[in-house]
Amino acid sequence: METEKLTELKTGPANGAPEPLEPLIYELGAPGRVGVSLPKTDVPEAELPADLLRADLDLPEVSELDVVRHFVRLSQLNHSIDTGFYPLGSCTMKYNPKLNEDMARLPGFALAHPLQDPTATQGALALMYTLQQWLAEISGMKAVSLQPAAGAQGEFAGILMIRAYHLANGEGHRTKIIVPDSAHGTNPATTAMAGLQVVEIPSDENGDVDLDKLHEVCGDDVAGMMITVPNTLGVFETHIKDIVDAIHGCGGLMYMDGANMNAMLGVAKPADLGFDVMHYNLHKTFSTPHGGGGPGSGPVAAGEKLAPFLPGPVVTVLEEGDDENPPLYGFTMPEQSIGRLKAFWGNFGMMVRAFAYIATYGAQGLRSVTDHAVLNANYIRARLKGVYPMPFDRMCGHEFVCEGHWKDIEGVHALDISKRLMDYGIHPPTNYFPLIVPEALLIEPTETESKEACDRFVEAMLKIAEEARTNPELLHEAPHVTPVGRVDDVLAAKQLVLCCRPIPEHGA
Amino acid sequence: MSYIPHTDADRAAMLEAIGVGSLDELFDRVPAALRFPKLNLPDGLSEMEVAAELRGLASANVHAGDYAIFLGAGAYNHFVPSVINHMLLRGEFYTAYTPYQPELSQGTLQAIFEYQSMMCALTGMEVANASHYDGATSLAEAATLARAVHRGKRTKIILSPGIHPQYRAVARTYHQGNELKFVGDKGSATIPDLIDMLDDDTAMLVVSYPNFFGQIDDLSGLATAVHQAGALLCMVVDPIALGLFKSPGELGADIVVGEGQPLGIPLSFGGPYLGFFATRKKYVRQIAGRIVGETLDKHGRRAYVMTLRPREQDIRREKATSNICTNQGLMALAACIYLSLMGKHGLRRVAELCYHKAHYAAAQIDALDGYSVDMTKPFFKEFVVTCPRPVAELNDYLLEHWGIVGGYDLSQDYPNRANQMLVAVTETNTKDEIDTLVEALRDHEAHAGHEHTH
């Protein structure tokens, strides 16, 4: 067996294909091996109900060290913020402070059961209450619910709230949600999930909402409008007040997608701009880690009109405190709540991290976060100007969009530039979004990157622009130094291998 | 304290490159009257000060590290091997984004593929997605799938009252804007009662296995009846129970959902948890959430990539199967590592320990004067105790005098279950803890009974 393996290593598998980077966990270990030690039974054993038991369980049989090495090796195949620059537009890949990880793991948080009597978990409730207050203050809104598990769920909550508000006012005929064509895909998907209709309106040549087109669709069938500020093109809507007035004028409500709040902290409060409801992404603006695709947290904030409809429960003060005693906190359901969005109270572990983040920065610090996020984005924009086509030549927020192609170079696309950036140790920007910009590259450096890091990115981008002219093959064949070469996603969809185990055979 | 690296010289050079004189000028587009509002927040703190404040808040919570805990009801104090936290704290995992760029994300992608494979093995299903937010939202998404499978032509979802009350609430929240009706769970319907509700308008019937009261209902004949009515059978399951009991696939389920928290994820006051979702391969194009598939790179090397992407919101927009974007990636990784460590034999062992300890505890409590345990059906790690007094009163006493977190007060969700406590016993509860709980319950009754005679 061992000899066979050695031979295989030297020569590769029989079919000549290269070795996988790392075996599947199921390909490791040996029958009978276990990766944990468990205690002996300290109580008399009960009889197991034989006719209800399963015959076999097809899980790996590996040692603890097998597991550790396997997952450490897998981790090394990833790009991450901790290993390199990650200018992924609309994702806010800022540094995730280590302190916050430790805080979320304190036994008093990590080992507290969600259904204990609230009098026994006042520390957790105090944290949640304070975070609700802070998020309300940052947005200028009246109240906040921490229930939503992610931004998409926060959006869903907001749109259900708008729907419920109109129903409560006997205006169930308001079924249309206006969404700009630059919007995140979650906006139209959310609207459909809530049972409402999407009305898409175009952007004008400056990247702003086309006001004439907006006025055309305003009517008494409008439930509301969803808009991202600054928008996904990275620009602050020139006519934000006109947009808000148009929607409010026809009886609709304004939803703000808070994905881009990193450009807004202490710069403008969404409620002041006229928004009725919004969501935050704690995993973007407030540095909770993205975790390779979650968990996130998407608190929803609402003004006067929509606060009674917030998802719940939320934390409220049941008895005011005094000099001697802290207040007594409890869970309550907002009066006309749309209901629960998940079991228990939201992604509490993410709330601890966001609390630590806001406590660290304070009011002035948060403003400074936005200042430097916008500074970095505009600096990179200024330095790439003239080399990469830019659809909108104006000051950006915390991100900006350029085009990854040139009129005089055939066959080079945003995808090629993205893949080539990997060879320079940089994660590509978001590409092909927003959909309305051809060959879009959406670049968001975040405030935690130094000038040197921004400069290295700029140098790499300039070099790639040069390579596109002198040696386009380098781009087409990229990436060259990543663990795997370009991956065949068409084959994946065609063969649909989604599970590495044989399908169990059973009668029913 | 701040994580912003810029020096004065950096700022000056960068502003000059941009062609503005100050940071404030970067925000000229914001209406002047609304620009730079005051934020009424505390001043920033140093790392030491933040840590002290959070330690203070954490210390104000009762938790399973210091107390014996018999509370479950959807969140459980199971053993978490040390390896998991060490792997989760690798920056390469937790500071990575969704693996949209497969060349830079093979670690995350392969781990999700392995997770999907293990969830298929555990549930007896053919495909599993990369996860939902939690067990409750997985159930809501199962209803979305049932609606899609029947193209909106069937409008009824039958829910067993033995499904977690919060899961049923979430399913209703999710579907308040469409035609689906959720029925069956308002009274105390049994499995045969639920079967009687099947008709040609039924899209899906959902049962919990074990049910919310810890019992394994007799599900023989259920799948046949559901399928004869042309409906789908969905099962909400406890993944630890599946280490011991027949898989839902074997029982004829079409969709299997549940809460993955027991698989190596800490209680964390209710989240982040892990909603798992598995089904038959024929439905794979209609399910929500991310899915990872195996493929090759351009050198012919085995590699992984997110697949069936055209179902998703960023491509399909309003025609997407769901608006879901984020999954619970890191939590799925935790479950993947947990199931790797436990493996074929360890998970069975954990399940057996839960079973034996729960049965020991149930028998001891049932023998107490004034208390009775419903043992009419097989049960796994939870059981219902009918108590002589209100559960809230007992729990106060247990916590205050014995350092025990008591069970769940069922009267909160089921008005006909006054004085009923749902007790959870896992492999982490020692015989000493169980004996102390029994003694405490006896003591309280002796004490309270005594007081009542005066």
Side-chain angles (χ1 to χ4, degrees), chain A residues 17-18 20 35 42-43 46 58 71 74-75 77-82 103 106-108 110-112 114 120 123 149-150 152 185 188-190 192 194-195 198 236 272 289 291-296 339-340 343-344 347-349 362-363 365 371 379 450-451 482 484-485 487 492 497 499 506 508, chain B residues 5 10 14 23 29 34 39 41 43-44 54 57-58 60-65 87 90-92 94-96 98 102-104 106-108 120-121 133 136 166 169 173 177 250 252 266 269-272 293-295 297-298 300-302 307 313-314 317-318 320 323 326 329-330 341 359-360 431:
Chain A
D42 59 356
V43 297
D58 184 21
F71 286 99
L74 284 185
S75 77
L77 303 179
N78 274 358
H79 185 86
S80 66
I81 298 169
D82 281 2
M103 295 299 101
L106 291 172
L111 301 179
T190 295
V198 181
F236 197 92
D272 292 349
R340 247 183 197 289
F344 311 120
N347 279 344
F348 178 76
D371 281 350
Y379 174 68
S450 63
K451 177 171 178 294
T482 48
V484 294
V487 168
V497 176
C499 167
H506 29 63
Chain B
D10 292 337
M14 294 169 90
L23 289 170
R29 291 274 177 155
L34 309 176
L39 292 185
L41 298 173
D43 290 337
L54 281 157
L57 287 168
N61 298 327
V62 165
H63 63 84
M87 296 301 108
R90 287 195 67 89
E92 300 95 322
Y94 84 86
T95 74
T98 303
E103 297 85 358
L104 295 181
Q106 283 299 303
T108 296
C120 289
Y133 307 130
Q166 297 189 354
T173 305
E250 206 173 334
F269 203 54
E294 188 176 294
T295 186
D297 80 348
K298 69 169 190 175
R301 192 190 296 273
R302 186 171 77 190
T307 192
Q313 49 78 24
D314 53 325
R317 300 177 77 85
E318 72 268 24
N323 77 343
T326 307
L330 203 66
L341 289 165
H359 282 72
Y360 172 74
K431 178 169 180 292

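Naming: A, B, ... by sequence-line order, numbering from 1 per chain.
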Quick check on [X] against chain A: is it the side chain, the backbone, both or neither that has a heavy atom closer than 4.5 Å?
{"X": "B/T295", "result": "both"}
{"X": "B/D43", "result": "backbone"}
{"X": "B/M87", "result": "side chain"}
{"X": "B/A136", "result": "side chain"}
{"X": "B/R301", "result": "both"}

What pair of heavy atoms forms the shortest contact from [X] to [Y], and how long is it?
{"X": "A/T482", "Y": "B/E103", "answer": "CB-O, 3.7 Å"}
{"X": "B/E318", "Y": "A/V198", "answer": "CB-CG2, 3.7 Å"}
{"X": "A/A17", "Y": "B/G300", "answer": "CB-O, 3.7 Å"}
{"X": "B/D10", "Y": "A/K451", "answer": "OD1-CD, 3.8 Å"}
{"X": "A/G485", "Y": "B/D297", "answer": "N-OD2, 2.8 Å"}
{"X": "A/P295", "Y": "B/L330", "answer": "CD-CB, 3.9 Å"}

Counting heavy-atom pairs closer than 4.5 Å to chain B, which one of [options] comes out on top?
{"options": "A/A152, A/A149, A/G339", "result": "A/A152"}
{"options": "A/G362, A/G296, A/G294", "result": "A/G294"}
{"options": "A/G292, A/S450, A/A120, A/A150", "result": "A/G292"}
{"options": "A/D371, A/L74, A/D58, A/L106", "result": "A/L74"}
{"options": "A/G108, A/A46, A/G293", "result": "A/G293"}
{"options": "A/A492, A/G195, A/A194", "result": "A/A492"}

With no hydrogens and no angle check, is any side-chain donor or acceptor of [X] less than 3.5 Å from a backbone partner on [Y]?
{"X": "A/N78", "Y": "B/T108", "result": "yes"}
{"X": "B/T95", "Y": "A/D82", "result": "yes"}
{"X": "B/E92", "Y": "A/L77", "result": "no"}

Among the listed options [options], the residue most often paired with chain A at heavy-atom distances under 4.5 Å:
{"options": "B/A169, B/G293, B/A58", "value": "B/A58"}
{"options": "B/L41, B/V62, B/L104", "value": "B/L104"}
{"options": "B/T98, B/L39, B/T307", "value": "B/L39"}
{"options": "B/A320, B/G65, B/P272", "value": "B/P272"}

B/Q106 vs A/V487, side-chain contact (heavy atoms from CB on, under 4.5 Å): CA-CA, chis, key distance, verdict | CA-CA 10 Å; B/Q106 283 299 303; A/V487 168; 4.2 Å; yes
Got a sec, which residues hit ring pair (Phe, Tyr, Trp, His ring centres under 6.0 Å) with A/F348, two or more places apart in sequence or on another chain?
->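 Applying ring pair (Phe, Tyr, Trp, His ring centres under 6.0 Å) to A/F348 gives A/F109, B/F269.
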What pairs with B/R29 under salt bridge (Lys or Arg N to Asp or Glu O under 4.0 Å), at least two apart in sequence or on another chain?
->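 Once residues adjacent in sequence are excluded, B/R29 has no partner under the salt bridge (Lys or Arg N to Asp or Glu O under 4.0 Å) criterion.
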Value rounded to 0.5 Å, distance of CG in B/L34 from CG in A/D272 |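 One gets 5.5 Å once the value is rounded to the nearest 0.5 Å.
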